[in-house]
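For reference, the structure is listed below as structure tokens.
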Amino acid sequence: MSGQHDARYNPQAIEPKWQAAWDDGDCFAARRDPARPKYYVLEMFPYPSGRIHMGHVRNYTMGDVVARYKKAQGFSVLHPMGWDAFGMPAENAAMQQGGHPAEWTYNNIAVMKGQMKPLGLSIDWSREFATCDVEYYGQQQAMFLDMLEAGLVYRKNAVVNWDPVDMTVLANEQVIDGKGWRSGAEVERRELTQWFFRISDYSEELLEAIDGLEHWPEKVRLMQKNWIGRSRGLQFAFSTVDAPEGFERLEVYTTRPDTLLGASFAAISPDHPLAKQLERHDPEVAAFVAECRRIGTTEEALEKAEKKGFDTGIRVRHPFDNAWELPVYIANFILMDYGTGAVFGCPAHDQRDLDFANRYGLPHPDVFLALDDSSPVSDTAFVPPKSEKVRYVRGFAGDTVQTGDEAVEAAIAFCESKGVGEGVTKYRLRDWGLSRQRYWGCPIPVVHCDSCGVVPEKKENLPLELPRDVSFDKPGNPLDRHPTWRNCTCPRCGAAALRETDTMDTFVDSSWYYARFTAPRAETPTVAEDAEYWMNVDQYIGGIEHAILHLLYSRFFARAMHKTGHLPAKAIEPFDALFTQGMVTHEIYQTRDARGRPVYHLPEEVEDGKLRSTGEAVQVIPSAKMSKSKKNVVDPVNIIESFGADTARWFVMSDSPPERDVEWTSAGAEATFKHLARVWALSERIADLDTEAPDPHDDELMRAMHRAIDDVTRTIDGFAFNKAIAKLYEFTNILSRTKASATAQKQAARVLAQLMAPMTPHLAEEIWARQGGEGLVTQAPWPKADPAMLVSDTVVLPIQINGKRKAEITVAADLPKEEVEKVALAEDAVIKALAGASPRKVIVVPGRIVNVVV
RNA sequence: GCCCGAGUGGCGGAACGGUAGACGCAGGGGAUUCAAAAUCCUCCGCCCUAACGGGUGUGCGAGUUCGAAUCUCGCCUCGGGCACCA
């Protein structure tokens with residue numbers, strides 16, 4: 001017998017011991033091993049907010065279960081971790097509390113890593129990096145230059161939220177009810193020249209390739225398809241009447257050319273060149289456009305705003321009737337970024353157009369009617385699915401009765417034949433604006449020269465490092481007002497020049513970190529052999545909130561990296577399989593400050609609906625995604641300290657299916673701890689038994705064991721970790737009650753340790769060691785279920801009468817259908833229900849059910 | 001507003017179109033204990049019944065099917081995303 005043992009389950013002793021053993025064995029270092037298949041599992045890396053929360057624990061435990069399971073199955077596993085470390089919170093902290101964003105960030109990383117380490121994750125920490133490491137963003141700058149050269153980056157004007165008091169650009173989340181979050185000033189929309197990635201050049205390719213992402217959730221694929229938003233429509237030009245010089249034609253794009261004869265007005269975006277032209281000379285237009293610009297920059301704000309227009313007095317001629325003139329409005333709901341920034345309105349078949357027409361007293365002639373209902377449109381637009389047949393009363397192409405889709409195609413063909421515009425395919429996807437007017441990001445490595453214009457920095461001058469000597473006590477971007485950093489020489493002509501002061505969107509940082517993990521210390525962004533071996537990510541795991549932007553940008557960036565020689569062709573879709581975990585939610589506690597603005601409080605600051613500090617009552621807002629800004633986060637450190645990492649890990653995996661949201665409750669943690677303590681005690685008891693000869697009960701236990709192996713293997717493969725845990729409960733219950741021999745029990749206990757190891761690796765090692773397992777369970781091969789032990793001779797079949805369960809029979813598993821039917825018809829309940837008559841129908845589903853229809 | 005999801009006991013959740021509620025939590029009863037904690041056994045959707053048993057039941061309303069939590073259509077409620085939060 002081994003030496004000292006605790007009298008009870010003691011994770012505080014067990015967990016550090018095994019973590020040290022894994023470190024000693026260098027168990028989690030990823031190595032290129034040509035002899036073994038590789039497996040790359042990646043969880044979306046965290047923003048270093050300074051504390052881990054339950055969402056992190058859930059995310060990383062899922063990845064760890066996969067990593068440990070795949071390792072046991074013989075794969076060479078890469079399971080890295082890093083930090084998405086640039087971004088606004090660091091600057092906000094510097095503004096609020098002083099200090100430097102770098103200091104704040106690296107300090108947070110140290111704290112969070114300290115909180116993550118006790119979780120016992122099988123991470124190769126030797127590959128760790130932060131995106132704010134100059135070694136990382138310097139390589140990003142090199143790639144930016146390559147992409148610039150390859151024509152993947154360009155500059156154009158774009159609209160931002162401008163805070164006129166703080167003299168700064170605001171993020172959408174910093175705009176609250178149209179006002180700056182800090183200054184309270186009315187936010188303006190302002191145009192700046194900014195850098196863009198040409199992601200829209202890849203619209204079609206990114207859309208087409210979605211069909212190949214077989215192991216992505218269908219809903220994410222659908223969301224991305226809708227986001228890219230391919231549409232087929234007609235682009236044509238109205239000729240204008242009384243328009244300023246240079247605006248003789250007004251280009252519009254419509255996806256419903258079949259409704260052209262139902263047009264009642266034309267509308268242009270407030271950002272349309274024509275609107276800008278009118279704004280210059282007409283104060284009324286200027287006032288209206290200014291009002292529109294106060295709405296904000298988000299699509300949501302535009303869509304929710306009351307639909308308003310301004311009649312410019314300009315008219316356009318209908319392309320099919322020169323005498324028919326339509327008024328041209330500037331309308332607040334037209335997006336300049338989509339189509340041509342100008343549309344015609346057909347109120348009868350678009351609710352937004354109808355609301356607009358009713359507001360301004362414009363007609364709304366019906367173009368088509370339902371086949372079974374001829375009532376004209378009044379307050380509700382008639383907008384049937386395009387696949388539905390309708391009767392055209394103002395159609396001009398194709399049959400009178402046809403589907404919308406047919407009519408659209410017919411209308412395009414007709415218009416093209418008459419020389420009125422052409423059919424075009426457009427995408428909703430816009431180019432990716434990467435400029436940020438902030439300090440704490442990757443500097444864009446270009447120089448502005450008076451004579452040469454915009455010039456890329458030379459690669460040998462990289463990395464272009466952020467200056468450390470900055471302060472945040474004044475409004476605006478510290479890079480703009482830095483005394484020396486901006487000053488440089490033009491890489492082309494050598495004259496004095498100024499650096500670009502915009503930094504990159506943090507989505508750029510997170511669009512290639514997965515590739516960097518394959519060669520994290522390289523002097524180039526990637527290394528061909530490493531990328532070749534490790535890419536693609538076999539399993540990517542992260543929050544559903546990243547379903548569109550991060551994942552779409554990464555898909556684009558991988559293509560851009562391939563084009564510039566930084567990734568092999570096979571890596572243009574970097575994530576083979578995607579799993580989107582549900583979020584961990586929690587209630588939100590809110591009070592308001594003197595100016596009525598919301599102030600949020602951490603759960604630990606609240607007790608019985610009141611602030612601990614002041615006793616002020618808090619407003620409880622129903623559960624929502626845990627977020628730093630709402631402060632509804634729970635600190636897992638406390639759970640780990642009182643119950644151990646295995647309890648935290650087991651609990652977050654057991655409580656709900658991984659793809660669904662889970663509301664954090666502390667109640668379950670204690671119950672999990674009790675269960676793990678029971679398993680530990682069970683193992684101790686079994687370990688103390690003396691080996692004995694086989695017993696008749698052994699077969700039953702072995703069957704249960706093989707059943708458990710099979711169940712846990714299949715459920716982990718299917719990402720159904722909560723079900724895997726339910727099966728482990730069942731097997732544990734059987735093992736604790738078995739009358740099998742000690743030899744069989746010990747074997748079962750070793751298998752239990754192996755099956756638990758992905759979820760509760762420390763306890764598993766402890767059991768494995770106590771039951772005489774060889775080496776570390778972390779390095780043991782995954783057990784295999786014996787198919788012969790999974791089948792049973794008899795089967796219980798429910799008997800239904802008219803679909804309702806009335807009885808049950810036990811028959812041999814291989815009993816023929818006809819025999820099963822005979823047995824079923826001999827059941828008392830069936831005889832009673834038939835009352836002498838013969839059944840109308842008997843359905844026998846072998847091994848499943850018998851249904852007697854009377 | 002637009003796009004995408006999710007709704008099953010007191011709670012978290014199981015259920016290839018085939019016995020709804022596996023497994024866990026909470027709760028009731030019991031054993032052990034001087035007593036409690038811990039542990040173990042046991043019951044546990046709802047309604048009627050002393051019990052046997054019967055009825056009913058997966059957000060709401062229709063439909064398809066021998067059979068629907070599961071498929072179809074229409075609603076309701078909650079959540080995510082909406083391009084400068086990460």
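- Rounded to whole angstrom, the span from the CG atom of A:Asn722 across to the P atom of B:A15 amounts to 8 Å.
- Electrostatic pairing of A:Asp710 and A:Arg707 counts as a salt bridge here, judged by a charged N lying under 4.0 Å from a carboxylate O.
- As judged by a 4.0 angstrom heavy-atom cut-off over every strand, A:Arg352 is placed among residues making no nucleic acid contact.
- Closest contact between the side chain of A:Gln194 and the listed nucleotides B:C84, B:U19, B:A83 involves B:C84.
- Among the atoms of the strands shown, none is found under 4.0 Å from any heavy atom of A:Asp337.
- Comparing B:A83, B:U19, B:C25 against the side chain of A:Ala671 picks out B:C25 as the nearest.
- A:His546 comes within contact range of at least one nucleobase, with a heavy-atom separation under 4.0 Å.
- Heavy atoms of A:Glu730 sit under 4.0 angstrom from primed sugar atoms or phosphate atoms, though from no base atom.
- If you check B:U39, B:U19, B:C84 against the side chain of A:Asn161, the one that comes closest is B:C84.
- With salt bridges taken as basic N to acidic carboxylate O contacts below 4.0 Å, one links A:Arg293 and A:Asp271.
- A:Arg840 comes within contact range of no nucleotide atom at all, as no heavy-atom separation falls under 4.0 Å.
- Ring-plane geometry between A:Trp432 and A:Phe557 is classed as perpendicular, the angle between the planes exceeding 60 degrees on a 0 to 90 degree scale with a lower cut at 30.
- Across the C1' atoms, B:G57 and B:U19 are found 15 Å apart, a figure rounded to whole Å.
- Among the protein residues, A:Lys225 comes within range of no part of the nucleic acid, since none of its heavy atoms lies under 4.0 Å from any strand.
- By the 4.5 Å heavy-atom criterion applied to side chains, A:Val159 and A:Met336 are not counted as neighbours.
- A:Thr506 comes within 4.0 angstrom of sugar-phosphate atoms only, judged by non-hydrogen atoms across all strands, and of no base.
- Contact annotation for A:Val160: base contact, defined as any heavy-atom pair under 4.0 Å involving a base atom.
- In this entry B:C60 has B:G74 as its Watson-Crick or G-U wobble partner, both defining distances falling under 3.5 Å.
- Regarding the sugar-base torsion, B:G30 falls in the anti class, its angle being beyond 90° of 0.
- Using a 4.0 Å cut-off, some side-chain N or O of A:Asn226 falls inside it from OP1 or OP2 of B:C4.
- A:Lys723 comes within 4.0 angstrom of the backbone, heavy atoms only, and of no base.
- The listed nucleotides are B:U56, B:G1, B:G18; the one nearest the side chain of A:Lys304 is B:G1.
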